[in-house]
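Have a look at the structure below before the remarks.
None of these values were measured; they are calculated from a predicted model.
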Amino acid sequence: MDKGGWYFVVNRSDQLKQAEKGAIISLTAYIFLALLKITIGSYANSQALSADGVNNFTDTIASITVLIGLKLSRKPADNEHRYGHWKAENVASLVTSFIMVVAGFEVLSKAFKNLVHHELESPEPIAAAVGLFSAVVMFGVYIYNTRLGKKYTSSSLVAMAKDNFSDALTSIGTAVAVFAATFKLPILDQITAIVIGIIILKTAYDIFKESSFYLSDGFDLDLLKQYKEEILKIPTIKEVPVLRGRLLGANIFLDITVRMDPELTVRKSHDIVDEMEKQLQQKFGIFDIDVHVEPYEGDYK
């Protein structure tokens, strides 16, 4: 790797270090809100608020795994990990999805059990106040993580910010349902708990689907098309027979084969390829590019 490449790696590592602040903020908020909701939910007889607290507890685990993933991703490449440890982020997300599935089923199981056995009690109004307070806190965390994730190009932090926003909406829904349930309609509290359980499972599925896609080296075909169009803007590159991409964490790695005039010198071909790599990195934020040059056998006229 040349000097410029080393700078790119060091700079990316520093970006991930800065992105860890967002995971720490989320972790702190989720721990506080989970304890608050579960405690008040139990005191105020609100199954919906307790379920929302369990949801926040799973988000606490998600924040921890993202934080661990960001830290592991910054480890330099070694003999056993030639491409570095960037996939640690994806592995952490996959583990989080499994934990969320267990939590989601637990919330649903308890809510259905209460409905079947008619164990319904009208919640206290304080539960609604806690729900609204939680929504305000999570909306603030969402704004902070969105800005931080975009600034330091951290896909895991941007994804976490989306989860923060959904948690804010869930908390508002919980507050409304609890408030309505205080008017002698306790069944609304249980129904809201069921909805929250479904939301937890849906979020777990989305995280599992995305992380497993990238762990199996899946890649966006539309992005590959954009890369190819950009490469072919260079007049001396006539064909791109091979273009493969993969994501390691938030970092894009490309394997490219280009066909060029066979009469070009090795130095000239090398200079053209260097310029191509620079353009792709600057325009698309490509982390690493491996290029193979072949002679073009077509018509140059």
Side-chain angles (χ1 to χ4, degrees), residues 1-2 4-9 11-13 15-16 19 66 69-70 73 77 81-94 97 149-162 205-262 264 268-300:
M1 185 179 291
D2 58 22
W6 276 115
Y7 172 77
F8 196 83
V9 171
N11 186 52
R12 180 59 186 155
S13 180
Q15 288 178 336
L16 290 176
V66 168
L70 287 169
S73 293
H81 302 84
R82 297 285 182 168
Y83 291 95
H85 298 76
W86 307 111
K87 278 195 174 182
E89 274 190 89
N90 303 122
V91 174
S93 296
L94 190 66
S97 70
K150 290 181 178 179
K151 181 178 180 180
Y152 296 112
T153 60
S154 172
S155 60
S156 61
L157 195 57
V158 171
M160 178 180 287
K162 292 178 181 178
Y205 172 75
D206 291 340
I207 293 174
F208 172 81
K209 184 179 179 181
E210 182 177 358
S211 57
S212 60
F213 177 76
Y214 291 130
L215 283 171
S216 60
D217 285 336
F219 200 82
D220 189 334
L221 295 178
D222 289 334
L223 283 177
L224 289 178
K225 183 179 179 181
Q226 293 179 39
Y227 301 155
K228 186 172 183 178
E229 290 174 351
E230 187 68 21
I231 293 170
L232 289 175
K233 288 180 181 179
I234 302 174
T236 47
I237 296 178
K238 302 301 179 180
E239 287 182 349
V240 184
V242 177
L243 176 56
R244 291 189 291 263
R246 54 180 168 169
L247 273 172
L248 275 69
N251 306 305
I252 300 173
F253 288 72
L254 294 182
D255 294 316
I256 306 173
T257 296
V258 296
R259 288 179 179 156
M260 302 167 63
D261 184 350
L264 291 174
K268 182 62 175 176
S269 298
H270 184 270
D271 290 342
I272 294 171
V273 167
D274 278 351
E275 182 62 28
M276 178 197 73
E277 291 180 359
K278 187 182 300 183
Q279 290 181 18
L280 289 174
Q281 287 180 336
Q282 290 178 347
K283 185 168 183 176
F284 300 103
I286 310 299
F287 182 80
D288 185 76
I289 303 173
D290 186 20
V291 184
H292 174 67
V293 179
E294 292 182 351
Y296 177 69
E297 304 297 341
D299 188 3
Y300 282 90

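- Looking at every heavy atom in both residues, Y296 comes nearest to P262 through O-CD, 3.4 Å.
- For the atom pair L221 CG and Q226 CD, the distance stands at 11.5 Å (nearest 0.5 Å).
- Looking at heavy atoms from C-beta onward, R259 lies in side-chain contact with P241 at the 4.5 angstrom threshold.
- At least one side-chain heavy atom of I234 sits less than 4.5 Å from a side-chain heavy atom of Q279.
- Residues V240 and I256 form a side-chain contact, since some pair of their non-hydrogen atoms from C-beta on lies under 4.5 Å apart.
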- Message: Assess the residue pair I272 and L264 against the criterion (side-chain contact (heavy atoms from CB on, under 4.5 Å)); give the C-alpha distance rounded to whole Å, side-chain angles, the decisive distance to 0.1 Å, and a yes or no.
- Response: CA-CA 10 Å; I272 294 171; L264 291 174; 4.0 Å; yes
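- Just one residue in the list L254, L280, V273 forms a side-chain contact (heavy atoms from CB on, under 4.5 Å) with V291, and that residue is V273.
- Looking only at side-chain heavy atoms (C-beta outward), D206 and K209 stay at 4.5 Å or farther from each other.
- Separation of atoms CD (Q282) and CD (E230) is listed at 10.5 Å; rounding is to 0.5 Å.
- Inter-residue side-chain proximity for I289 and D255 is flagged as unmet; no heavy-atom pair is nearer than 4.5 Å.
- Taking CD from E239 and CD from E294, the interatomic distance works out to 9.5 Å, rounded to the nearest 0.5 Å.
- Taking each heavy atom of L243 and L224 in turn, the nearest pair found is CD2-O, 3.3 Å.
- Partners of H292 under the side chain to side chain donor-acceptor pair (under 3.5 Å) rule, at least two apart in sequence or in another chain, do not exist in this structure.
- For the atom pair NZ (K238) and CG (D261), the distance works out to 7.5 Å, reported to the nearest 0.5 Å.
- Annotation: side chain of I237 is in contact with side chain of M276 (closest heavy-atom distance under 4.5 Å).
- In this structure, the side chains of I231 and V258 come closer than 4.5 Å at one or more pairs of heavy atoms.
- Relative ring orientation between F284 and Y227 is described as perpendicular, the plane-to-plane angle rising above 60° on a 0-90° scale split at 30° and 60°.
- Side chains of F253 and D290 form no contact here, defined as non-hydrogen atoms less than 4.5 Å apart.
- At most 12 non-hydrogen atoms from other residues, nucleotides or ligands lie less than 6.0 angstrom from CZ of F208.
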